[in-house]
**Q** 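Sharing a structure, written as structure tokens. Questions coming.
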Amino acid sequence: MNAPVSDDLPRGIELTSLSENFRANPRAVLDGARGRCPVYHDGILRDTVVLSADIGRKVLTDRSLPTDPRNTIETSTRRLRGEDLEKNPPIMFMDDPLHKRVRGLVGKAFNNERIERQRPRIGDLCRELVDAAAGGVFDFIETIARPLPTIAIAEVLGIDASHHDNFKLWSDQMVAANLNPLASPEVKQAGSEAAVSLYNLFAAEIAERRERAVNGDDLISAMIAVEQDGDRLADAEIIELSQVLLIAGNQTTTDLLGTMLRNILTTGDSYARLCANPALIPNAVDEAIRFEPPIFSTDRVAPDDMELGGTTVPKGHQISVMLSALNHDPALNPDPDRFDIERKPVKHFSFGGGRHICLGAPLARLEAQELLKVLVERLPTLAPDPAHVPVYTINPGFRGLDEFWVKQG
């Protein structure tokens, strides 16, 4: 039986950054809805939304719930989002046993040890970008937050610097096309052409490594070499994984860096405290990830009719777990709407949960830590520029800044 649902609950674009009200204060929208109904049907851009931390955790960690959108029925949600169900999904939407196999292999190549080895180089890259931008008023997003993740993942993959400009262009075009279900036909066409260019680039990189028979320290070389129980990744799988790491990590890390800095600079003396005590940086990064996650939701599929929080979810309907709502549930974090760089413990679902926990989370966290370390070292008087109002991105499902101008105080 369905719980009573108020007719004025937010639905459709009201739960995306297309809504000016939601874009201005998503926490207020989600908190208000959760207080009235922690699980309810949307039926416009999503099927069923989950706003409760307790219920959301159960959904994310329930291995019996599929992720592959090919398990969904033909709902209005599917039609509006225009999902392509004719091909195998990327790793974040795979189900077992395929997901277990691919995740196991790529996890051996893209492991914490390999990521941690990138820390010195990413620190150098942060210094290069910060020093180039310093000296006056600048848009932090355009000059630092956008280029850093793209260059970082290009170097992790082992893409030569001569390709970096095209790499970023194609990445941005694919992000605009693939991460916005309401993108225009022109944007989608540009994204399709960029995908072909990136595919050819990765294919050439793989061919070169096989021809040289050199086992380099880059991630593409590691994915070529990785083996588990006699199984290896096919070239097409390496290309797909490389694109996922680039596309999924590019926009989301940019968004994280932008909102992180804005919240730190605009919340009391947070930035001054970090300058005085850089040991607080890892905790501050985790609080920034909790407070304003770059992705609003992640989905599972109901394998059969099921009940969540008193609401019946029909078989084949997608269950959208609203990550920001979970992070700001008072049942998970006390005083959740207060940004506190010394909050302990910091509990959040910003990287999803269960077997689909974000593969690139350690790299995103490392980039944020290194950048913040460089900022407090190089620019201790950094402050928002009052002449420019921060501009949030209009991209359904994502939370980030298009512009955030800062100055040295």
**Q** Over all heavy atoms of both residues, which pair between T254 and P149 is shortest? Give the atoms and the distance, please.
**A** OG1-CG, 3.6 Å

**Q** Quick one: which of T266, L375, L371 gives a side chain to side chain contact (heavy atoms under 4.5 Å, CB included) with L261?
**A** L375

**Q** Name the residue from T311, T312, T48 that meets the side-chain hydrogen bond (donor to acceptor under 3.5 Å, both in side chains) definition with H41.
**A** T48

**Q** In plain terms, say whether E377 and K373 are close enough for a salt bridge, that is, a side-chain N and a carboxylate O under 4.0 Å apart.
**A** no

**Q** Please lay out, stage by stage, how R365 and D286 fare under the test salt bridge (charged side-chain N to carboxylate O under 4.0 Å, His left out).
**A** CA-CA 8 Å; R365 185 179 276 112; D286 279 350; 2.8 Å; yes

**Q** Per the side-chain hydrogen bond (donor to acceptor under 3.5 Å, both in side chains) rule, which among R343, K344, R338 passes with D340?
**A** R338

**Q** Might you point out which heavy atoms bring M322 and L51 nearest each other, and give the distance in Å?
**A** CG-CD2, 3.5 Å

**Q** When you look at K100 and D95, which way does the salt bridge (charged side-chain N to carboxylate O under 4.0 Å, His left out) test go after all the steps?
**A** CA-CA 8 Å; K100 183 177 181 180; D95 290 331; over 6 Å; no

**Q** Between E128 and R121, does any NZ, NE, NH1 or NH2 come within less than 4.0 Å of an OD or OE carboxylate oxygen?
**A** yes

**Q** After noting the C-alpha distance and the side-chain angles of T150 and N250, does the key distance pass the side-chain hydrogen bond (donor to acceptor under 3.5 Å, both in side chains) rule?
**A** CA-CA 6 Å; T150 308; N250 183 2; 3.1 Å; yes

**Q** Is it true that a side-chain atom of S17 and a backbone atom of N395 form a donor plus acceptor pair closer than 3.5 Å?
**A** yes

**Q** Under a plain distance cut-off of 3.5 Å, with no hydrogens placed, do E292 and N263 share a side-chain donor-acceptor pair?
**A** yes

**Q** Would you call R209 and D218 a salt bridge, using N to O less than 4.0 angstrom?
**A** yes

**Q** Please round to the nearest 0.5 Å and tell me the distance separating atom CD1 of I341 and atom CG of D269.
**A** 7.5 Å

**Q** Any side-chain to backbone donor/acceptor pair from Y40 onto P10? Under 3.5 Å, distance only.
**A** yes

**Q** A364 and L256: which non-hydrogen atoms are nearest, and at how many Å?
**A** O-CD2, 4.2 Å

**Q** What distance separates L219 CG from I224 CD1, expressed to the nearest 0.5 Å?
**A** 10.0 Å

**Q** Is the closest basic N to carboxylate O distance between D96 and R103 below 4.0 Å?
**A** no

**Q** Can you list the steps and then say if W405 with E403 is a side-chain contact (heavy atoms from CB on, under 4.5 Å)?
**A** CA-CA 6 Å; W405 289 78; E403 293 182 23; 3.2 Å; yes

**Q** Does atom CZ (F93) have a neighbourhood of more than 12 heavy atoms from anything else shown, all under 6.0 Å?
**A** no

**Q** For S270, does its backbone N or O pair with a side-chain atom of T267 as donor and acceptor, under 3.5 Å?
**A** no

**Q** Looking only at atom types and distance, does a side-chain atom of D139 sit under 3.5 Å from a main-chain N or O of F404, one as donor and one as acceptor?
**A** yes

**Q** With side-chain contact (heavy atoms from CB on, under 4.5 Å) as the criterion, how do V130 and L379 come out once you've worked through the C-alpha distance, each side chain's angles and the decisive distance to 0.1 Å?
**A** CA-CA 9 Å; V130 170; L379 306 176; 3.8 Å; yes

**Q** Nearest heavy-atom pair of R232 and L105: which atoms, and what distance?
**A** C-CD1, 4.0 Å

**Q** Are the side chain of E237 and the backbone N or O of A234 linked by a donor-acceptor pair below 3.5 Å?
**A** yes

**Q** Return yes if some donor-acceptor pair links the side-chain N/O of T393 with the main-chain N/O of G400 below 3.5 Å, else return no.
**A** yes

**Q** Could you walk me through whether D124 and R119 pass the salt bridge (charged side-chain N to carboxylate O under 4.0 Å, His left out) check?
**A** CA-CA 9 Å; D124 289 342; R119 188 178 290 274; over 6 Å; no

**Q** Output, in order, the C-alpha distance, side-chain angles, deciding distance and verdict of side-chain contact (heavy atoms from CB on, under 4.5 Å) for R34 and D31.
**A** CA-CA 5 Å; R34 185 182 54 246; D31 288 350; 2.8 Å; yes

**Q** Taking the six-membered ring for Trp, are H328 and F291 closer than 6.0 Å centroid to centroid?
**A** yes

**Q** Heavy atoms, side chains only, cut-off 4.5 Å: are F110 and L363 in contact?
**A** yes

**Q** Are E287 and R290 ion-paired here, with the side-chain N under 4.0 Å from a carboxylate O?
**A** yes

**Q** At their closest point, which heavy atom of A284 faces which heavy atom of L274, and how far apart are they?
**A** CB-CD2, 3.9 Å

**Q** Charged N to carboxylate O below 4.0 Å: is that the case for R127 and D131?
**A** no

**Q** Within the distance-only criterion (no hydrogens, no angle test), does the side chain of R27 pair as donor or acceptor with the backbone N or O of D337 below 3.5 angstrom?
**A** no

**Q** Parallel, tilted or perpendicular, judged at 30° and 60°: which one describes the rings of H348 and F351?
**A** perpendicular

**Q** Are more than 12 heavy atoms from other residues, nucleotides or ligands located less than 6.0 Å from atom NZ of K168?
**A** yes

**Q** Would you verify whether the NZ or CZ of R57 falls within 45 degrees of the ring axis of F349 while also being under 6.0 Å from that six-membered ring's centre?
**A** no

**Q** Are more than 12 heavy atoms, taken from residues, nucleotides or ligands other than N25, located less than 6.0 Å from that residue's CG atom?
**A** yes

**Q** If we ignore angles and hydrogens, is there a donor and acceptor under 3.5 Å between the side chains of N21 and S19?
**A** no

**Q** Pair W170, L246 - check side-chain contact (heavy atoms from CB on, under 4.5 Å), show working.
**A** CA-CA 10 Å; W170 296 333; L246 172 65; over 6 Å; no

**Q** Between S350 (side chain) and I289 (backbone), is there a donor-acceptor pair under 3.5 Å?
**A** yes

**Q** Kindly compute the distance separating CG (L65) from CZ (R355), expressed to the nearest 0.5 Å.
**A** 8.0 Å

**Q** Under a 3.5 Å distance rule, please check whether D402 uses its side chain to pair with a backbone N or O of V391 as donor and acceptor.
**A** no

**Q** With no hydrogens and no angle check, do the side chains of H388 and D385 hold a donor and an acceptor under 3.5 Å apart?
**A** yes

**Q** Is a donor from one side chain sitting under 3.5 angstrom from an acceptor on the other, for R262 and Y392?
**A** yes

**Q** Taking atom CD of Q318 and atom CG of L45, what is their separation to the nearest 0.5 Å?
**A** 11.5 Å

**Q** For residues A145 and G258, report the shortest heavy-atom separation together with the two atoms involved.
**A** CB-N, 4.5 Å

**Q** Looking at CE of M92 and NE2 of H356, how far apart are the two atoms once the value is rounded to the nearest 0.5 Å?
**A** 10.0 Å

**Q** Would you say the side-chain atoms of R114 pair up with the backbone N or O of D217, donor to acceptor, closer than 3.5 Å?
**A** yes

**Q** Would you give the length of the straight line joining atom CG of L129 to atom CD1 of I144, rounded to the nearest 0.5 angstrom?
**A** 6.5 Å

**Q** Is it the case that the side chains of S320 and D299 hold a donor-acceptor pair, with the cut-off being a distance below 3.5 Å and no angle test?
**A** yes

**Q** Decide yes or no on ring pair (Phe, Tyr, Trp, His ring centres under 6.0 Å) for F22 and F296, but give the supporting numbers first.
**A** CA-CA 11 Å; F22 189 84; F296 281 126; 4.9 Å; yes

**Q** Verify side-chain hydrogen bond (donor to acceptor under 3.5 Å, both in side chains) between D160 and S162, making sure each step is shown before the conclusion.
**A** CA-CA 5 Å; D160 188 85; S162 63; 2.7 Å; yes

